[in-house]
Amino acid sequence: MEKAKLSFWQIWNMCFGFLGIQIGFGLQNANTSRIFQTLGAEVDSIAILWIAAPLTGLLVQPIVGYMSDRTWGRFGRRRPYFLWGAVLTSLALIFMPLSPSLWIAAGMLWLMDASINITMEPFRAFVGDNLPEEQRTQGFAMQSFFIGVGAVLASLLPWMLSNWFDVSNTAPEGVVPDSVRLAFHIGAACLFIAVMWTVIFSREYSPEEIDRFEAARRVRLGEGNETAEATSPRSSAGGVLWLFAGVVLAGLVWWADLNKEVYILGAGLAAYGLLQIVANGMRAAGRSNGLVEILGDMAAMPATMRQLAVVQFFSWFALFAMWIYATPAVTSFHYQTTDTTSVAYNTGADWVGVLFGAYNGVAALAAFAIPLLAARVGRRSAHAINLSLGGLGLLSFWFIRDPALLWVSMIGVGIAWASILSVPYSILAGALPARKMGVYMGIFNFFIVIPQLVAATILGLLVQRLFGDNPMFALAMGAGSMFAAAVCCYAVSDPVARPSSSASSPT
């Protein structure tokens, strides 16, 4: 028994909500550092202020995934989370640029990122739920297309409002410019409309159908009994390792009187290790709850997921370095200013928005080519090629002195971005049990979040102490991380199920 192939427009409808999500996400990525600096943040403190984004993803995505796996009602399995996440994200977008102080803005980033994650996480599982194996690369590529288009609109909105509609892009010290505030409000409306489109015009398979598809998949792949496997006690070795590593890292940082934000990372790793040990003990004693199940599933993740985790770590470290430091790097290196009230700074910050729009525009176009490249050279090699182009794009910031030519750098970054958003998920979906698609997609987000936490805790320290507050070095580290991700692609196994002749349609 196999899922029915969906038409182009059915895939379009189920992915259209990502257009709105990425408008919100793109506004956040392109303008948060600008808002922080406007409200008084120093360059070396920007990274730790961004820590809100990965932390909320770390907490929210696996929980939402776990809950959506067990939800079924009038709006289906995943769509209720699309709806309520869209409402909360729209409200956060309205209030973020109205923040009167730096710490209120940091708090609003927590709320906005948590809301985006509530909406975004089930979208990944949505494709895995509804599409057969041979269409999943196309489905995730369609998401990449909408992510690209949405991010282009989001990144260009402040620039368009300023240059086409004469909305002011400067403001007194400590005040967010009108062009940024209005862009966030327009983005809130677009996000809500786009997500509602998917909620209304998409359908989902029932839990019973999902179970039948999963049984057929396991027979096809010759796998064992999942229930017995899922309920067996897990080893505590992994938890002990995380606990030990976290305690050692926190102790070294405290003893050496280094950046205390790195101490927070070590304490977090130790806390996770302790939770893993407790959860394994509870499983062994026959006691279970949602947290225990999530931690147990993480310990039992498929081998392909573990291999992809390494690729994701290096990929997202590079992306986060770019998102945090693109504005400080371009304004200081190419526009030769750090004065946030100056015309030069705000012109440079606007240009960063245009550059972010450029790489997302490239990603929208590359999304159509990636399935063709993957069919020709395989998904692993396609991803490695694309990541290498991203590394070259970030590295070229050093050598292109004219800011007007930085769009060339964004070509490679855009291709890598489209691939990061599609190929790993396409490979992963074929390796996951269908009835745990949501929770595993949420757990997979750990390997997006952990590199962001690492970047947020160490990049500020490195830029300040080793690189003389020169943010260009952060982009160079991002380039090296992207190349490392490309190399790690070749350690990933890519299980592909053989298609079946019978098919059903979502209800």
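Hydrogens, waters and symmetry mates play no part in the numbers below; they use all other heavy atoms, side chains included. Starting from 1, each residue takes its place in the sequence as its number. Owing to the predicted nature of the structure, the values given are computational and were not obtained by experimental measurement.
Distance CG/L432 to CD1/I427: 12.0 Å, rounded to 0.5 Å. Taking CD1 from I94 and OG1 from T89, the interatomic distance works out to 11.0 Å, rounded to the nearest 0.5 Å. The OH atom of Y81 sits 4.0 Å away from atom CE of M67, with the distance rounded to the nearest 0.5 Å. Put simply, OG1 on T119 and CG on L191 are 6.5 Å apart, with the number rounded to the nearest 0.5 Å. Here the SG-NE2 distance, from C190 to H185, works out to 13.0 Å after rounding to the nearest 0.5 Å. Between F146 atom CZ and F123 atom CZ the span is 10.0 Å, to the nearest 0.5 Å.
Cation-pi geometry between R70 and Y66 is satisfied (NZ or CZ under 6.0 Å from the ring centre, within 45° of the ring normal).
Within the 3.5 Å criterion, the main-chain N or O of Y425 finds no donor-acceptor partner in the side chain of R136. A donor-acceptor pair under 3.5 Å links the side-chain atoms of Q135 to the main chain of L6, judged by distance alone. At least one donor-acceptor pair closer than 3.5 Å links the side chain of T198 to the backbone N or O of N13. Using a distance-only test at 3.5 Å, with no hydrogens or angles considered, no donor-acceptor pair links the side chain of S481 to the main chain of M477. The backbone N or O of L428 sits nowhere less than 3.5 Å from a side-chain atom of T304 that would complete a donor-acceptor pair. At distances below 3.5 Å, at least one donor-acceptor pair connects side-chain atoms of Q307 with backbone N or O atoms of S493. At least one donor-acceptor pair under 3.5 Å links the side chain of E204 to the backbone N or O of R77. Using modelled atom types, no side-chain atom of N386 and backbone atom of S419 make a donor-acceptor pair closer than 3.5 Å.
F82 places a side-chain heavy atom less than 4.5 Å from the side chain of F126. Contact check for C488 versus F314: side-chain heavy atoms found under the 4.5 Å cut-off. Between L91 and L111, every side-chain heavy-atom pair lies at or beyond the 4.5 Å cut-off. Within the 4.5 Å cutoff, no side-chain heavy atoms of S422 are placed close to those of T137. Q10 places none of its side-chain heavy atoms less than 4.5 Å from the side chain of M14. At least one side-chain heavy atom of H383 sits under 4.5 Å from a side-chain heavy atom of I420. No side-chain heavy atom of M196 sits under 4.5 Å from any side-chain heavy atom of R79. Under the 4.5 Å side-chain criterion, counting only non-hydrogen atoms from C-beta, L421 is not in contact with F140.
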N117/M120 under side chain to side chain contact (heavy atoms under 4.5 Å, CB included): CA gap, chis, key distance, verdict | CA-CA 5 Å; N117 277 289; M120 182 169 60; 4.0 Å; yes
L387/C489 under side chain to side chain contact (heavy atoms under 4.5 Å, CB included): CA gap, chis, key distance, verdict | CA-CA 9 Å; L387 292 174; C489 286; 3.7 Å; yes
Are K5 and E134 close enough, and set up right, to give a side chain to side chain contact (heavy atoms under 4.5 Å, CB included), and what steps lead you there?
-> CA-CA 9 Å; K5 287 188 176 182; E134 62 268 28; 3.3 Å; yes
Side chain to side chain contact (heavy atoms under 4.5 Å, CB included) between L308 and F444, worked out | CA-CA 9 Å; L308 284 169; F444 194 54; 3.8 Å; yes
Check step by step if side chain to side chain donor-acceptor pair (under 3.5 Å) holds for Q28 and D113.
-> CA-CA 9 Å; Q28 172 184 297; D113 207 77; 3.0 Å; yes
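No side-chain donor-acceptor contact under 3.5 Å links Y325 and S33. Donor-acceptor pairing under 3.5 Å is lacking for the side chains of S315 and Q312.
Ring centers of F356 and Y359: under 6.0 Å apart, within the cut-off.
A salt bridge is defined here as a Lys NZ or Arg NE, NH1 or NH2 lying under 4.0 Å from an Asp or Glu carboxylate O, and R379 with D494 meets this definition.
Aromatic ring orientation, W316 versus W323: perpendicular (interplanar angle above 60°, classes split at 30° and 60°). Taking the six-membered ring where tryptophan is involved, the planes of F201 and W197 are tilted, since the angle between them lies from 30° to 60°. Ring geometry for W12 against F16 counts as parallel: the plane angle stays under 30°, on a 0 to 90° scale with 60° as the upper cut.
Within the structure, the side chain to side chain donor-acceptor pair (under 3.5 Å) test picks out the following pairs touching residues 138-151 (sequence neighbours left out): R124-Q143.
Shortest non-hydrogen contact noted between L459 and A474 is CD2-CB, 4.4 Å. Contact between V152 and N360 at its shortest, heavy atoms only, is CG2-C, 3.5 Å. Across G438 and D69, no two heavy atoms sit closer than the pair N-OD1, 2.8 Å. Between A188 and S90 the shortest heavy-atom distance is O-OG, 3.1 Å. Of all heavy-atom pairs spanning W72 and S206, the tightest one is CH2-CA, 3.7 Å. When all heavy atoms of P62 and V439 are compared, the pair lying nearest together is O-CG2, 4.0 Å.
For F184, the ring-ring contact (aromatic ring centres under 6.0 Å, His included) criterion is met by no residue, not counting sequence neighbours. For the side-chain hydrogen bond (donor to acceptor under 3.5 Å, both in side chains) test, residues two or more places apart in sequence or in another chain that qualify with S68 are R78.
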